[in-house]
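What follows is a set of notes on a single structure, which appears directly below.
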Amino acid sequence: MSRQSEYRSVSQWSAEQLFTAMVDADFLRDRLAKIGGKDAALLEHAADADSARFRLRQALDSRDLPSIVRNLLSGDIVIERTETWTRSAPGNYRGDAQVTIKSTPASATGAMSLRYAGGSGSELVVRTDVTVQVPIVGGKIESVVAEKVRELLALETDFLLQHVAQQG
């Protein structure tokens, strides 16, 4: 079984402005330094005006996790996330994400869109599907992981919007 969730954010900034910022290697390194956790790193990166592919390593401190998750894991959670983005039309981008959580029976996939949303604004939508292969308590852990994913996406979006506003 898996747990699906959706994250949505509307911005005053254009999809092109957000795309350019969010796939920039320096921006990704800055974001990881601020909210990526211990040993966060940009492991791979390639981007141009129409597409991007990058792989990140992030960590969650085990102390920040509910006891049901801590009891099944030893130590911090190390996450590797690969994102691939492509311009699908002017002002519209589609993306996919693959997430592995090291040394756990958990994984996630995501489908993302960044699109024109009227005026000069844009909308970011991320749909995730979290799977935890643990009998009996897997569904509960999937709920926790899905909530942590939404929290992380909100932090990352706030960081992005602040960055774009400063570049203004």
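No experiment lies behind these values; they were computed from the predicted model shown. Quick note: residue numbers are just sequence positions, from 1.
- At least one donor-acceptor pair closer than 3.5 Å links the side chain of H45 to the backbone N or O of V23.
- With rounding to the nearest 0.5 angstrom, the CZ atom of F54 is 6.5 Å from the CZ atom of R81.
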**Prompt:** Hey, mind stepping through D129 and S2 against side-chain hydrogen bond (donor to acceptor under 3.5 Å, both in side chains) and telling me if it holds?
**Reply:** CA-CA 6 Å; D129 191 5; S2 67; 2.6 Å; yes

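- Under the 4.5 Å side-chain criterion, counting only non-hydrogen atoms from C-beta, Q58 is in contact with E156.
- R55 pairs by the salt bridge (Lys or Arg N to Asp or Glu O under 4.0 Å) definition with E44, E80, not counting sequence neighbours.
- Two residues are said to be in side-chain contact when any heavy atoms from C-beta on lie closer than 4.5 Å; V164 and L18 meet this criterion.
- To the nearest 0.5 Å, atoms CG (L161) and CE (M22) are separated by 10.5 Å.
- Summarising the geometry, atom CZ belonging to R127 is positioned 12.0 Å from atom CE belonging to M112; distances are rounded to the nearest 0.5 Å.
- One finds the OG atom of S14 at 12.0 Å from the CZ atom of F19 (value rounded to the nearest 0.5 Å).
- Counted within 6.0 Å of CZ on R94, heavy atoms from surrounding residues, nucleotides or ligands total 12 or fewer; the atom is thus considered open.
- Residue H163 comes nearest to A21 through the heavy atom pair CD2-CB, 3.8 Å, listed as atom of the first residue, atom of the second, then distance.
- The ring-ring contact (aromatic ring centres under 6.0 Å, His included) analysis of residues 103-160, with sequence neighbours excluded, yields the pairs F27-F159.
- Side-chain N/O atoms of T157 and S9 include no donor and acceptor closer than 3.5 Å.
- Counting all heavy atoms, side chain and backbone alike, S122 lies closest to A15 at CB-N, 3.5 Å.
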**Request:** In sequence, state the C-alpha distance, the side-chain angles, and the governing distance for Y7 and V125, and then conclude on side chain to side chain contact (heavy atoms under 4.5 Å, CB included).
**Result:** CA-CA 6 Å; Y7 172 81; V125 178; over 6 Å; no

**Asked** Does the side chain to side chain contact (heavy atoms under 4.5 Å, CB included) test come out yes or no for S120 and Q12, once each step is laid out?
**Response** CA-CA 6 Å; S120 61; Q12 69 185 23; 5.6 Å; no

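- Using a 4.5 Å cut-off on side-chain heavy atoms (C-beta onward), R57 and V78 make contact.
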**Verdict with reasoning, T86 to S51, per side-chain hydrogen bond (donor to acceptor under 3.5 Å, both in side chains)** = CA-CA 4 Å; T86 305; S51 64; 5.7 Å; no

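- Judged by distance alone, with hydrogens and angles left aside, the side-chain atoms of S11 form a donor-acceptor pair with the main-chain N or O of W13 at under 3.5 Å.
- Sorted by first and then second residue, the pairs that involve residues 104-121 and meet salt bridge (charged side-chain N to carboxylate O under 4.0 Å, His left out), not counting sequence neighbours, are R115-E123.
- I79 is not connected to L152 by any chain of hydrophobic side-chain contacts under 4.5 Å among Ile, Leu, Val, Met, Phe, Trp and Tyr, and they are in different clusters.
- When side chains are defined from C-beta on, L42 counts as touching L56, because their heavy atoms get closer than 4.5 Å.
- Taken to the nearest 0.5 Å, the CG atom of L43 stands 8.5 Å off from the OG1 atom of T82.
- L114 CG to E16 CD: the interatomic distance, rounded to the nearest 0.5 Å, is 8.5 Å.
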